[in-house]
Amino acid sequence: MATMMHCKHNTRESKRGAGECKISADVKLRNGKPKFWCATHGQAASRPDGSKMDACPAAWEEPVPPHLRLEIDLAKGETAIWGVVEPALRWGDPPPSVGKIHVHRRPTADAHKEIDGSYDLVDLVHGRVRHQIEGMAAKARSISELSGVPVVPLKCPHCGDTHIDELMFATRLHRNHQCNGCGRNFVDSTGPSVSNPLADLYAELGLPRPPAPVRSSRTLDLVLDRYTAVELWPSNAAIVSTMTRPEEIGIHVHAWEGDTNREPTIDETYGTVSVSGVVIDEDALRILAVQRALADGKPIVSMACDHCTAPLTSPTAGWMEPTTTHTCAACGGTTRTKRKVFINPLAEKFF
């Protein structure tokens with residue numbers, strides 16, 4: 001019998017500071033013990049011995065503060081929204097990032113951005129339709145997109161919540177899901193899937209699809225000594241965009257000359273990026289961005305195969321998670337590590 005992998009998850013932003021825990025056990029675990037779940041915060045509420053907790057782990061989380069909330073009328077100006085993942089490569093000491101939903105907003109197509117910031121809750125309004133984007137869903141959507149995994153909006157058959165597959169569960173299609181709302185397990189009868197409530201956002205908001213993305217024609221050769229801090233991301237598609245010009249594909253760069261408390265000197269997407277003459281492999285950068293989002297404190301290292309010395313890369317097929325066993329794509333040999341790690345040839349370029 002296949003093992004059920006439970007969808008671990010964080011607290012949805014809309015449930016933070018939602019009030020007193022309401023803990024019950026509507027179903028039992030396979031061992032016959034009750035499965036306690038907090039309906040207020042959407043979190044498991046069983047102690048290690050299986051008894052009921054007095055309050056779930058999210059009970060002390062504060063509501064999302066006003067400066068991390070935003071409401072946008074999509075009928076006005078041009079807007080594009082992305083899920084935030086940490087930089088795949090970083091040098092120096094750039095300013096800390098806040099917010100999981102990055103927003104660009106221009107009053108007109110050729111105007112400067114009036115909003116260029118990140119938030120945890122964004123309310124989108126288009127006519128009579130309103131949709132609240134949560135940071136947890138936005139980040140999961142970007143991880144799926146960077147992993148090349150399509151998403152669909154699955155509703156839990158027990159409570160009706162639209163499920164969010166996040167973390168490693170955003171990287172592989174699977175049939176068994178654990179609802180973020182009621183904690184019950186359900187099976188997608190249509191086949192393996194990854195669920196995200198932002199999957200059909202254009203249709204839900206009644207928006208036309210944006211122009212097809214185009215590859216950036218710009219090139220950049222970064223000389224690190226010139227900058228106090230540099231960050232690199234692989235581009236990922238906007239969750240929703242009302243921009244009239246096409247989104248650009250490539251490598252997005254932030255670089256600061258001098259004070260990192262100011263706007264970056266470079267804030268642009270490039271088709272090709274070199275660092276001190278070495279061209280950055282965009283596929284490896286994309287994998288590295290996902291690995292950083294999923295590492296959870298586990299190391300990300302560069303290693304050669306023990307058998308043929310070819311560079312190793314952690315697989316992207318299957319669940320993306322750190323492991324101690326690493327198979328070489330060149331010779332098929334197995335290299336083992338004492339600790340669970342991700343392997344990426346770009347990892348040593350970090351700091």
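Just so you know, these numbers use all the heavy atoms, side chains as well, and skip hydrogens, waters and symmetry mates.
The number of heavy atoms from other shown groups lying within 6.0 Å of CD (Glu263) does not exceed 12. No more than 12 heavy atoms of other residues, nucleotides or ligands shown are found within 6.0 angstrom of NZ on Lys22. Other residues, nucleotides and ligands contribute only 12 or fewer heavy atoms inside 6.0 Å of the CG atom of Asp296.
Contact of the Leu222 side chain with the Ser276 side chain is not registered, since no non-hydrogen atoms from C-beta on lie closer than 4.5 Å. In this structure, Val194 and Val152 have side chains that are not in contact, with every pair of non-hydrogen atoms separated by 4.5 Å or more. Using a 4.5 Å heavy-atom threshold, the side chains of Val273 and Val253 count as touching. For the pair Arg12/Ile164, a side-chain contact is recorded, criterion being any heavy-atom separation below 4.5 Å from C-beta on. The shortest distance between side-chain heavy atoms of Lys340 and Thr323 does not fall below 4.5 Å. At least one side-chain heavy atom of Val103 sits under 4.5 Å from a side-chain heavy atom of Leu70.
In this structure, Arg215 CZ and Thr272 OG1 are separated by 6.5 Å, a value rounded to the nearest 0.5 Å. For the atom pair CD1 (Ile81) and OG (Ser118), the distance works out to 11.0 Å, reported to the nearest 0.5 Å.
Linking ILVMFWY side-chain heavy atoms closer than 4.5 Å, directly or via other members, places Ile287 and Ile300 in a single hydrophobic cluster.
Residues Trp91 and Tyr227 place their aromatic rings such that the two centres sit no closer than 6.0 Å.
Relative orientation of the His102 and Trp82 rings is tilted, given thresholds of 30° and 60° on the angle between their planes. In this structure, Phe186 and His177 have parallel ring planes: the angle between them is below the 30° cut-off, well short of the 60° mark.
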Under the salt bridge (Lys or Arg N to Asp or Glu O under 4.0 Å) criterion, do Arg47 and Asp54 qualify, and how do the steps go? CA-CA 9 Å; Arg47 291 191 176 96; Asp54 296 326; 3.4 Å; yes
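Of all the heavy atoms in Asp188 and Thr190, the pair that sits closest is OD1-OG1, 2.7 Å.
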